[in-house]
*Asks:* 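Please find one structure pasted underneath; my questions will follow.
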Amino acid sequence: MKVHVSTFGCSANQASAEVMMATIRSLGHELVSEKNADVVVLNTCTVKYSTEQKILHKIRELGEKGREVIVAGCMPEVQLEDIIHNNPDAHILGVNSISRIGDVLNSIAEPQLSSHHISRQALHVFSSEPQGFINVPRFRFNSNIHICQLSQGCNNACSYCIVRFVRGPLKSFNPDSIIEDIKQGVAEGCREIWLTSQDNAQYGTDIGYLLPQLLKRICDIPGDFKVRVGMMNPFSVLPILDELLNAFDHDKIYKLIHLPIQSASNDVLKRMNRLHSIEEANHIINCFRDRFDDLTLFTDIIVGFPGEQDADFMKTVEWVKEYKPEKVNISRYTPRPHTKALEYRNIDSRIVAQRSNELHAVCEEVKIAVRKSMMGWKGRVFISKEAKVKGLMARTASYKPVVIPESSAIPGSYCEVEIFDATPGYFLGRTRIDI
């Protein structure tokens, strides 16, 4: 059959898509564009209401066109009724069940192979335990990047978050299995290793083997590659902060932290049940910046959480101006099913939109200042992949993106560059000495 996989959401979902696509190809099916597909796999995300509505529309639209649909990812775990309401014939693949996509494809193919018309029931496949996430073949979106999922689930209970209901309590994967998974990725030519989960700093708290220990073992793997440590919540970083700083010392780890503050108001953080204060988040950032001069900071902020006053919002604006994160994922709060915050009274959507627009403008000012400060920068960069535009995509030690239009370097190598210009998405550099 001709199959298309459409993926929404985080890098963990992206990794799941790569595993499913490898399975689809190994079974003799063909990966094609959506318009040419017999079967469309929707690997869903339900973190945001807008994404959920977009996906439900797609599920309904494909059903009306008579297309076979497999709904995978997060939505089946918490919004099965919504999916079935929009497309009763949709096949369902639970978030832990990516290894069983072959079963669903076989159920679709069997009636087609028969000489008789056979009515069949839509197949629903759920698993209580995560299976097939590591040490399995991948069909990668980028041949130079290996995404390794460290764990499934989360043990915390942020009042706005639906993901813990989707993926369940924390289940950390075996560290030996993770090391073998990454070794295989490096052996297959990957030069960037992305570590992902719902909260990387929470890794191993259920098995007594913590993230700093794992990072040290990863860095001991032979080969020229870089490690990008994904999102870590402040309350999970605090207990391991000193050990984590030591682990980040290694040259293989990008000096990048993705630390979601969500709000700079302690009153809002308390209603969010975030388990950290803004002072504690600031302490983590300051410790990393004291240790690594060129640290890159990513963060997430929710605008318009129930109960957020003008003064609370202004604290967040002032925080962005002071701490100058290079990237801010801004979300307008929308209530999600099953969450505690669903009980709260929402802020007028016009106020939320106004605050969001204001924060976006401030973040853009910060990005422009960062771009200006990097003009004329000279240093060593790691060539990670071919750029989407002409040339090579390189990364500084702190993960800042530098496109080199002309260079004799190859992915996996280093070179010296000088930054001479910038676009909204990346810097432009000229090679000084290929090494």
*Asks:* Any carboxylate oxygen within less than 4.0 angstrom of a Lys/Arg side-chain nitrogen, looking at D176 and R217?
*Replies:* yes

*Asks:* Do R274 and N156 have side-chain N/O donor and acceptor atoms under 3.5 Å apart?
*Replies:* no

*Asks:* I'd like to know if the side chain of K385 reaches the main chain of A394, judged simply by a donor and an acceptor atom lying under 3.5 Å from each other, with no hydrogens or angles considered.
*Replies:* no

*Asks:* For the residue pair K340 and N273, establish whether any side-chain heavy-atom pair is separated by less than 4.5 Å.
*Replies:* no

*Asks:* Can you name the nearest heavy-atom pair linking P234 to I284, along with the distance?
*Replies:* O-CD1, 3.5 Å

*Asks:* With a 4.5 Å heavy-atom cut-off, do I410 and I383 have their side chains touching?
*Replies:* no

*Asks:* Would you mind listing every salt bridge (Lys or Arg N to Asp or Glu O under 4.0 Å) that reaches into residues 388-401, with sequence neighbours excluded?
*Replies:* E326-K400

*Asks:* What distance separates E77 CD from T46 OG1, expressed to the nearest 0.5 Å?
*Replies:* 11.0 Å

*Asks:* Regarding R271 and the six-membered ring of Y344, is the cationic atom NZ or CZ under 6.0 Å from the ring centre and inside 45° of its axis?
*Replies:* yes

*Asks:* If you count the non-hydrogen atoms of other residues, nucleotides and ligands that lie under 6.0 Å from NZ in K226, is the total more than 12?
*Replies:* yes

*Asks:* Determine, step by step, whether I98 and F133 satisfy the side chain to side chain contact (heavy atoms under 4.5 Å, CB included) criterion, reporting the C-alpha distance in whole Å, the side-chain angles of both residues, the deciding distance to 0.1 Å, and the verdict.
*Replies:* CA-CA 8 Å; I98 58 173; F133 286 86; 3.8 Å; yes

*Asks:* So do the side chains of C415 and R380 get within less than 4.5 Å of each other, counting heavy atoms only?
*Replies:* no

*Asks:* Any chance you could lay out the side chain to side chain contact (heavy atoms under 4.5 Å, CB included) test for L211 and L150, step after step, and finish with the verdict?
*Replies:* CA-CA 9 Å; L211 180 64; L150 303 184; 4.0 Å; yes

*Asks:* What do the steps show when you test F288 against F248 for ring-ring contact (aromatic ring centres under 6.0 Å, His included), and what is the final call?
*Replies:* CA-CA 9 Å; F288 268 90; F248 264 69; 5.2 Å; yes

*Asks:* Taking all non-hydrogen atoms of both residues, which atom of C148 and which atom of D181 are closest, and how far apart?
*Replies:* SG-OD2, 3.4 Å

*Asks:* With under 30° as parallel and over 60° as perpendicular, where do the rings of Y254 and F382 fit, or are they tilted in between?
*Replies:* perpendicular

*Asks:* Taking the side chain as every heavy atom from C-beta outward, state whether L295 and I257 have any pair of such atoms under 4.5 Å apart.
*Replies:* yes

*Asks:* What are the two closest non-hydrogen atoms of L170 and N155, and how far apart are they?
*Replies:* N-OD1, 3.0 Å

*Asks:* Counting C-beta onward and ignoring hydrogens, is there a side-chain heavy-atom pair between Q152 and S197 closer than 4.5 Å?
*Replies:* no

*Asks:* With the threshold set at 4.0 Å, does a side-chain nitrogen-carboxylate oxygen contact exist between K252 and D220?
*Replies:* no

*Asks:* Would you check, one step at a time, whether the test salt bridge (Lys or Arg N to Asp or Glu O under 4.0 Å) holds for E365 with K321?
*Replies:* CA-CA 9 Å; E365 290 175 9; K321 290 179 179 178; 5.9 Å; no

*Asks:* Is there side-chain contact between K171 and P130, with heavy atoms separated by less than 4.5 Å?
*Replies:* yes

*Asks:* So, T296 side chain and S398 main chain: donor-acceptor pair closer than 3.5 Å or not?
*Replies:* yes

*Asks:* How long is the gap from CD1 on I92 to CG on N87, to the nearest 0.5 Å?
*Replies:* 8.5 Å

*Asks:* Ignoring hydrogens and geometry beyond distance, is a side-chain donor-acceptor pair present between N13 and S16 at under 3.5 Å?
*Replies:* no

*Asks:* Report yes or no: is the cationic atom of R191 (NZ for Lys, CZ for Arg) closer than 6.0 Å to the six-membered ring centre of F225, at no more than 45° off its axis?
*Replies:* no

*Asks:* Please check: side-chain N/O of R138 versus main-chain N/O of M21, any donor-acceptor pairing under 3.5 Å?
*Replies:* no

*Asks:* Under 3.5 Å, is there a donor-acceptor pair between the side chain of D199 and the main chain of N233?
*Replies:* yes

*Asks:* Could you walk me through whether H91 and H124 pass the side chain to side chain contact (heavy atoms under 4.5 Å, CB included) check?
*Replies:* CA-CA 6 Å; H91 303 271; H124 293 190; 5.9 Å; no

*Asks:* Is it the case that the side chain of N200 and the backbone of G230 share a donor-acceptor pair, with hydrogens and angles ignored and the cut-off at 3.5 Å?
*Replies:* yes

*Asks:* Are R167 and Q198 close enough, and set up right, to give a side chain to side chain contact (heavy atoms under 4.5 Å, CB included), and what steps lead you there?
*Replies:* CA-CA 9 Å; R167 296 184 182 259; Q198 284 67 66; 3.2 Å; yes

*Asks:* Tell me whether S127 contacts the main-chain N or O of E129 through its side chain, where contact means a donor paired with an acceptor under 3.5 Å.
*Replies:* no

*Asks:* Is the backbone of Y426 close enough, under 3.5 Å, to the side chain of T423 for a donor and an acceptor to pair up by distance?
*Replies:* yes

*Asks:* Looking at side-chain heavy atoms only, is the closest gap between F126 and P76 below 4.5 Å?
*Replies:* yes

*Asks:* Backbone N or O of M393 within a donor-acceptor pair of the S384 side chain at under 3.5 Å?
*Replies:* yes

*Asks:* First locate atom NZ of K324, then atom NZ of K367, and finally report the distance between them rounded to the nearest 0.5 Å.
*Replies:* 15.5 Å

*Asks:* Enter the distance from I221:CD1 to I193:CD1 here, rounded to the nearest 0.5 Å.
*Replies:* 7.5 Å

*Asks:* Does the side chain of N144 pick up a donor-acceptor pair with the side chain of E192 at under 3.5 Å?
*Replies:* no

*Asks:* Is it true that, when you exclude H85 itself, more than 12 heavy atoms of the residues, nucleotides or ligands shown sit nearer than 6.0 Å to its NE2?
*Replies:* no

*Asks:* Any carboxylate oxygen within less than 4.0 angstrom of a Lys/Arg side-chain nitrogen, looking at E308 and R355?
*Replies:* yes

*Asks:* Is the closest side-chain donor-acceptor distance between S151 and S172 under 3.5 Å?
*Replies:* no

*Asks:* Tell me whether the count of non-hydrogen atoms from other residues, nucleotides or ligands lying under 6.0 Å of CD in Q354 goes above 12.
*Replies:* no

*Asks:* Between atom CG of N106 and atom CG of L27, what is the distance when rounded to the nearest 0.5 Å?
*Replies:* 6.5 Å

*Asks:* For the residue pair H338 and F165, does the interplanar ring angle fall in the parallel (under 30°), tilted (30 to 60°) or perpendicular (over 60°) class?
*Replies:* tilted

*Asks:* Should E34 and R67 count as an ion pair when the cut-off is N to O under 4.0 Å?
*Replies:* no

*Asks:* Looking at every non-hydrogen atom in both residues, tell me the closest pair between M272 and S263 and how far apart they are.
*Replies:* CE-CB, 4.4 Å

*Asks:* Any luck finding a side-chain donor-acceptor pair between H146 and E188 under 3.5 Å?
*Replies:* no

*Asks:* For the residue pair T334 and S50, establish whether any side-chain heavy-atom pair is separated by less than 4.5 Å.
*Replies:* no

*Asks:* With a 3.5 Å distance limit and no angle check, can you tell me whether K255 reaches the backbone of I253 through a side-chain donor-acceptor pair?
*Replies:* yes

*Asks:* When rounded to the nearest 0.5 angstrom, what is the spacing between CD1 in I261 and CD1 in I301?
*Replies:* 4.5 Å

*Asks:* Hey, does the side chain of H4 reach the backbone of A37 with a donor-acceptor pair shorter than 3.5 angstrom?
*Replies:* no

*Asks:* Which atom pair, heavy atoms only, marks the closest approach of P175 to I207?
*Replies:* CD-CD1, 4.0 Å

*Asks:* If you measure only the distance, is there a donor-acceptor pair under 3.5 Å linking the side chains of R228 and Y399?
*Replies:* yes

*Asks:* Can you tell whether the side chains of K183 and E180 come within less than 4.0 Å, N to carboxylate O?
*Replies:* yes

*Asks:* What are the two closest non-hydrogen atoms of A12 and Q149, and how far apart are they?
*Replies:* CB-OE1, 3.8 Å

